[in-house]
Amino acid sequence: MGVGTDQMRAWYSPRMNRRSLFRYAAAAFQAGALERVRAAASAAGNRSPEEIAKDEDFWAEIRAAFSVDRNIINLNNGYCSPSPRPVQDAMRRYLEYTDMGPYHTMVAVLERQVESVRRQLARAAGCDPEEMAITRNSSESLENAQYGIDLKRGDEVLTTNQDYPRMLTTFRQRERREGIVLKTISFPVPPPSADDLYQRFERAITPRTKLILFCHITNRTGQIFPVRRICQMARSRGIPTIVDGAHAFSHFPYKISDLDCDYYGTSLHKWTYAPVGTGFLYVRKSRIASTWSLMASGEKQAGDIRKFEEIGTHPAANHNGISEALLFNESLGIDRKAARLRYLRDRWAHRLAENPKCRILHSADPAQSCGIGFLAFNGVDPAKIHDALWTKYNIVTAVMGHEGYTGMRITPNIYTTVGEVDFFSEMVEKELKTA
C-alpha cells in the first residue's frame, strides 16, 4: 500500500492521536480499493461481460470500493450515485489543500489541473478536449445549449413529452419570452422498436423545425434512443441536435464521436460516480463560436469551449475528483458494468412480471435499455408501495408520474447485492397481497 513498516511504526506511537490513525487507515483502505478492482478485472480474463455479470465473487470485490450504508437498500441510484472510496479520498485531499489558502492553493494550483481533467474526460468520451466543457450537472450543460442557440419567433423546437422536465421548462420559458414553438411527440412505453422512435421524429419534422432535443436514455423508463440515426437524419436537413445524456455516460459503452450530435450534456455524479456537482457539455467545434454561453463571457472567448464554464468562484475539488472516477470506471470496464446493471434489473423485473398486479414498462431489448427499470401496477397506487418499502423495509425507490403512466423507477448499482434485489422483489410481492 506504499507505506513502509518503519513508517507505520513511527506513526503508531503513544503520541499518535485518533484522528491521525483514522486518516492512515482510511487512506490505506482507499488505496487498496482500486487495486482490488484492477485485480478482479484482470482475473476475469477473457470471460464475456454477461458471464462476469453473474459472478458474485467478482462483484464482491467491486462492492468493497464503496462505503454505502448497508442498513438501507438504495434502489434510486438514478438520482445520484455514491462515489467509491478513491474518489471520496481525492475530494478530501483537494478540500483540505484548498483551505490552506484558498487563493494560491485553489486558484493557482488546483484550478490549473482542470485541463488534465478535460483531457481525460475527452479521451473517455471520444472527442477533442477543445470540445469538452466541465460543468456542474446535465441541466447546466444542456441549458447552455438550449439558451445559447439563436432562434426566431415561430421557429420550432422538436422534442418528446418524456424528456426531462427541466429541459422542457427551459424551452417553454423561451416560448413565453421569445415566441418560439415547442413541439413534442409522444411514444408508447416500451416502444415497439428503435425504428418506431426514429420514424416518429422523422414524421414530426417540418420546414419550421430549427432544433431537435432528445434523450440518449430517458430518466423514467430508461428508454435508449437511436441517437446516431436521428442526429444524422437531422444533419442531412441542416437541423442541429442536442442530446440529453444525463443517464448515459459510464452507464453503457459508447463514444460521442459515434453519435454525430452537435451538443451533448451529462451529469457525472450519476453513473460515473464522480463528486456531486460535476458534469460536462460537449459542443461540436464548428458550433462553439455561434453558441452563446449561459453566463456572460468575453468576445475574445467566442470560440473557446471554456466560455461555458464561466460561473464565478467555485470549488476545484469537485471537478478535480472526476479523474479518480474515470480511473475507477476504466479499471472496471464499462461493458462489464453495463452487463451487471442489466442482470440486476432483469432479476427483479422477470420475477415481478409474473405477478398479475405488476407491469414492466422498460424495454427488454438490450439495445434499448440498460440498468434503469420501471415498475407500474394494475389497480394499485405506486406511492403506497413506495411508502411501504421505505417505512417498513428501508428500501429506497423513486415514484415517477407521467400523463400516460405512473410507477416506480428502480435503479440498483454495481454495489447492490443479489440478496438486496431479491428482498426488494419479495417485499413488493408481500405488499401487493394486501394492496
Side-chain angles (χ1 to χ4, degrees), residues 1-3 8 22-78 80-93 120 124 249-253 268-275 321-348 366 370-373 395-396 410-424:
M1 290 180 282
V3 179
M8 288 174 60
F22 174 78
R23 283 185 176 177
Y24 166 73
F29 192 88
Q30 288 154 6
L34 187 57
E35 292 306 316
R36 291 178 70 172
V37 172
R38 287 171 171 159
S42 177
N46 295 323
R47 289 189 297 158
S48 71
E50 289 70 29
E51 287 179 288
I52 296 169
K54 303 173 185 178
D55 184 345
E56 297 308 316
D57 289 337
F58 177 91
W59 295 102
E61 291 297 297
I62 308 305
R63 283 195 294 275
F66 292 86
S67 58
V68 296
D69 183 353
R70 286 295 170 186
N71 293 314
I72 304 290
I73 298 177
N74 180 14
L75 301 181
N76 189 19
N77 289 276
C80 185
S81 291
S83 293
R85 296 175 187 275
V87 177
Q88 296 175 37
D89 186 41
M91 273 285 288
R92 280 190 287 269
R93 282 200 316 270
Q120 293 173 64
F249 192 67
S250 305
H251 186 164
F252 47 86
L268 297 172
H269 50 244
K270 292 184 185 292
W271 303 100
T272 306
Y273 313 145
I322 293 170
S323 297
E324 292 291 341
L326 293 174
L327 182 57
F328 179 87
N329 281 279
E330 182 182 359
S331 299
L332 173 59
I334 304 299
D335 53 349
R336 297 188 187 106
K337 181 177 177 180
R340 177 64 172 184
L341 293 173
R342 285 194 179 97
Y343 174 74
L344 292 175
R345 185 207 60 189
D346 288 347
R347 189 175 180 96
W348 68 259
C370 194
I372 299 175
I395 301 174
V396 182
I410 311 301
T411 46
N413 214 320
I414 56 173
Y415 64 81
T416 308
T417 69
V418 165
E420 289 170 333
V421 170
D422 291 346
F423 182 70
F424 158 74

Between [X] and [Y], is any pair of side-chain heavy atoms under 4.5 Å apart?
X	Y	result
I62	R340	no
E56	R63	yes
W271	T411	yes
R345	I410	no
W348	L75	no
T272	N329	yes
L341	P412	no

| Taking only residues two or more places apart in sequence, or in another chain, which ones meet R342 in a salt bridge (charged side-chain N to carboxylate O under 4.0 Å, His left out)? | none
Rounded to the nearest 0.5 Å, what separation is found between the [atom1] atom of [X] and the [atom2] atom of [Y]?
X	Y	atom1	atom2	result
I322	M91	CD1	CE	10.5 Å
I372	H251	CD1	NE2	5.5 Å
F249	I334	CZ	CD1	7.5 Å
H269	S81	NE2	OG	9.0 Å
L332	L34	CG	CG	10.5 Å
S67	D89	OG	CG	11.0 Å

Locate the shortest heavy-atom distance separating [X] from [Y]; write the atom from each residue and the value.
X	Y	value
S331	A41	O-CB, 3.2 Å
F328	A65	CE1-CB, 3.6 Å
A338	C370	O-SG, 3.7 Å

| said: Tell me whether Q88 contacts the main-chain N or O of S83 through its side chain, where contact means a donor paired with an acceptor under 3.5 Å. | reply: yes
| Side-chain (N413) to main-chain (Y415) donor-acceptor, under 3.5 angstrom | no
| task | List the steps, then state whether side-chain contact (heavy atoms from CB on, under 4.5 Å) holds for L327 with R38. | result | CA-CA 10 Å; L327 182 57; R38 287 171 171 159; 3.5 Å; yes
| request: Starting from the C-alpha separation in whole Å, work towards a yes-or-no answer on side-chain contact (heavy atoms from CB on, under 4.5 Å) for V418 and Y343. | output: CA-CA 10 Å; V418 165; Y343 174 74; 4.2 Å; yes
| Can you list every salt bridge (Lys or Arg N to Asp or Glu O under 4.0 Å) pair that touches residues 322-339, not counting sequence neighbours? | R123-E330
| task | Apply side-chain contact (heavy atoms from CB on, under 4.5 Å) to the pair N74 and V68, showing each step before the final yes or no. | result | CA-CA 9 Å; N74 180 14; V68 296; over 6 Å; no
| request: Could you please spell out the steps behind the side-chain contact (heavy atoms from CB on, under 4.5 Å) verdict for Y273 and N77? | output: CA-CA 10 Å; Y273 313 145; N77 289 276; over 6 Å; no
